[in-house]
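Read the structure below first, then the notes.
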Amino acid sequence: MRVKATGGGAYKYADVFKERLGVVLEKEDEMACLVSGCNFLLKAIHHEAFIYEAGTSTFIPTNEDSDLYPYLLVNIGSGVSMVKVSGDNDFERVSGSSIGGGTYWGLCRLLTQRTNFDEMLELSMQGDNSSIDMLVGDIYGGRDYASIGLSANTIASSFGKVVTQDKSLTDYNPADMCLALCRMVAYNIGQLAHMNAVRHGIKRIFFGGFFIRGHPYTMETISYAIRFWSKGEMAAMFLRHEGFLGAVGAFLTVHPMVGVGGGRRGDNARGRAEALARKVRARFVERFSMGAPLTGGAVVGPAIKDVSEKVSWVEKFVAAASSAAAGNAGPSTAVAASPRSRVAGGAGGGATAWSRPSDGGGPPAAMSVNRTFSLPDQAASSSLSFGRQRMSLHVGVLHYSPTLEPFPLLESSATYEPNTLDINSDEEEKRWWINILRDQIPVVVEKASASEGGGELPQRRAQAFARALGAHLDHLQSEPGCYGALGLAELFALREECLREFGFTDVYRLDKQHENMAALAVLPDLLRELDAETLSSRLLSLVEGVLAANIFDWGSQACVALYRDGTILDIYRTARLKLSKRPWAVDNFDAFAARILSDVEDQDGAMEQQHTAVEGVEGSPSMATVSVSGRRRPPYRRVMMFVDNSGADVVLGMLPFARELLRLGCEVVLVANELPAINDITAPELRALLNAAADVCPIIKEAREAAVKVERATGGHVPPYPGLHPVRRSSSNLQMLLQQQQLQEHQDRRHDDANHATATLSVSDGCSGAIRSRSSSSGGSSSSSSAPNRSEPTGPAELTASRQTTPPSADLPAEASPFCVVPEATAVPAGHEASDPGAVLPPSTTSVSTSTTGTQPAGSLTTAPSSGRSPSPSSAPAWHAVATNPQINRVCPKLYVVSNGQGSPCLDLRRVPDRLAEACVGVDLLVIEGMGRAIHTNFNAKFTCDVLKLAMIKTERLAQKLFNGTLYDCVCVFEPAEH
């Protein structure tokens, strides 16, 4: 076995690893791995960097290069290294110090006789450094030195007071000495970091290394030092995964992400590189194991993969905790740390979710930064009541999902934020939503147990789920930021992930089946009523139907009460009556209706004029501008509709709406969850539901059959709207992404060289017109005449056919040779989605090469292609040709179903499956329905096409906060595309 390793230990213990374990350590450069790991985490993790001041974590965006480079990385290990990072593979160690973590540890050991580093940090939080450090007030009789901005509690000399005291070492409190040393080291490092940042013109400083390790007081001290020396212009930033930078960098030597984003390129090249980098970042998803051992609300061991072991561990922990509370003892900690629990945690194998150990307690108390920027000396025990010795920032499992990318219809994927409310900056709001989730636990437990038959084992699993989720909600409330800056979308997703981890795949399965059957029974009558109305009246009825049906939501406490007090049809009719009173809380329906009706009326007028003008005239102009193949030109080419709940919501609301769009000639793509969440409908369930609806509606039947026929021909893909060409998706392999980008940059350089040559030629032309004229008249050829015949690079790879077939240039580096890990064009049966989005690179298709011979770099990804050669990254998938065949993908109403790749009641468009992205080609109207998808998330999102957002507000607090409204207010937002 070979293991990548960095640092001095890779050299010092290499022989020990090989002799005792048979493990060969492959050594990687420590500094290079540190920087590449830091760059990767800052870009791949949505909330990686944070400022820690006054006991509060404030997360800072670093996903764009403009938000990141250049920065100073201060790595505090035994000593200190300060590295200026200007881009990927562009770094320089600019300074360092021998006074670092080793200094603190060594002096603490000499002075206090302690040997454990964590124990020293704990002692520092109980100390009072004013008994050891000389303060400004000690020199000036307890007064400030106001004229130069120093307060009386500013440290004038570390350990300076010892000189004036007649005490021996044993007379000093070890905690006071630990605190004084912590401040001395941290303030010194902070000052050096600030001076180096100023020297190199850097505004961003990141701190990491063993010395920090999530310790709140250390971070607070460094933060204060940076604020003090910069006079408030800079802030110290820390990393959630600061202990893993070198390990991640070593991993990236095998799975490279180098060159994706960053670097010093022209504006156009940089823009393309950052767009490509955003696609890569979308494929990395951080998830947190909810079934790992918990103590004091913190994970203390690896995730337990076996469900029965999870249940057993939670039950034993609860019993031990109850016994501890009754006997005023502490067996819960003993149980958590027992060999039994550790073995159980390790036996699961696979992915793990770690957290730094914690002794429980409340959140850190705030420490205000003095406006005079003095360095405080207050004792930690008196002014800093840090209940936790360490922050226990959760380290999730980073999943690489090769089929994910940003939603292509977003106006700006760089600035897109799904969550409407910022619960991280509003503690009261966060507490309220956490309590909402906690209050819903009993209902979810009841549904979970019933969904599995209600026996003893399902009940035990449901109770264990409740305990685990409750513990994590407590942790989120007591320690904000422990999972990063979670929004409502991530908060709701935690509950669904926790359910799945305890073996509950669809807890509302029985309710969804019942509601679907009840709604389907009345669908024919509803369609007949709608068909009897005029188009303008029918449009209003359809939107009212969507809003009224959206009331059926098991995720809302108010709606749960309605379920218990009436039948589905009674609730639906009551909601329709209330909707007759307009305007709604947000009411743009008239604008939407005008958009539809004006297009239809214009076509009616044009058709009448053409019939009158050309009747009986042979060879008259075609009516193709008005209709296609005898059909009316649709008001929209393709409409993508994000559906919400099962039952009446989709059957009586969204399906009739989709049916009307089909009748108008539009293609419709219905988008549903990949995994169950509350009573939301999933894509497989929606396909089955459409089959049932097709039995009572010929329009749905014909459109669905047309879509399925095309999907079978394309291997399960939704092709572009007829007449448009597919957009090539970027490769799922990081190595191929790098190769694509290097090819793009090479072509950019060729293009720049050609432009430069043309410009030079133009200048020359101005000086030699007569010579050029004589040359032309004599039949000679010149450079200017041959220039247009040269093969010049044109647009982006996904738009230019000639570029798609261009092989990599021979002068590209050998490392850029194409590798294929996951095939882009895998035939999938119609109606089936891509493979598990959480799947890691499959071992059956990849291997890690350790050979150092030849031109291939050691540790690169390799594969054994079945065809005998690796496909070029510039070649288009085979189904593209089928998609552009007008005999297969003809113009007619079609009804597709696509998965959104998610399992949450909200909608996060930062990452969607490539199958959904493919279906966006030709979409000119989005319909987003439901409170979770259109209000909790995406209410402020902007898109490149028209968008209609429909939802009923089922939370009174949310209605008041957003619209100053009331419970069951409705929202109809229509936003035309700005172009």
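All values derive from a computational prediction rather than experimental measurement.
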Side-chain heavy-atom pair [X], [Y] within 4.5 angstrom cut-off:
X      : Y      : result
Phe210 : Trp105 : yes
Leu494 : His472 : no
Val80  : Leu192 : no
Glu26  : Val3   : no
Phe50  : Met219 : yes

Before accepting this row, confirm whether a basic side-chain N of the pair [X]/[Y] lies closer than 4.0 Å to the acidic partner's carboxylate O.
X      : Y      : value
Glu220 : Arg183 : no
Asp133 : Lys161 : no
Lys84  : Glu92  : no
Arg227 : Glu53  : yes

Can the ring centres of Phe206 and Phe238 be said to be less than 6.0 Å apart?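 No, they do not, as the ring centres are separated by 6.0 Å or more.
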Under 6.0 Å between ring centres: does that hold for Phe284 and Phe40?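 Yes, they do, as the ring centres are separated by less than 6.0 Å.
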Over-ring placement of Lys167 relative to Tyr172, 6.0 Å and 45° cut-offs: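 The answer is yes, since Lys167 meets both limits relative to Tyr172.
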Could you work out, with salt bridge (charged side-chain N to carboxylate O under 4.0 Å, His left out) as the rule, every residue matching Asp176, not counting sequence neighbours?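 Result, salt bridge (charged side-chain N to carboxylate O under 4.0 Å, His left out) vs Asp176: none returned.
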To the nearest 0.5 Å, tell me how far Phe91 CZ sits from Leu73 CG.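 If we round to the nearest 0.5 Å, Phe91:CZ and Leu73:CG are 10.5 Å apart.
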Which value, rounded to the nearest 0.5 Å, describes the distance between Gln113 atom CD and Leu111 atom CG?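 Nearest 0.5 Å value for the CD-CG distance: 8.5 Å.
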Search all heavy atoms of Ser36 against all heavy atoms of Gly249 and return the closest pair with its distance.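 Looks like OG-CA, 3.4 Å.
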Would you please say whether a donor-acceptor pair under 3.5 Å links the side chains of [X] and [Y]?
X      : Y      : answer
Ser131 : Asp128 : no
His241 : Glu286 : yes
Thr218 : Thr221 : no

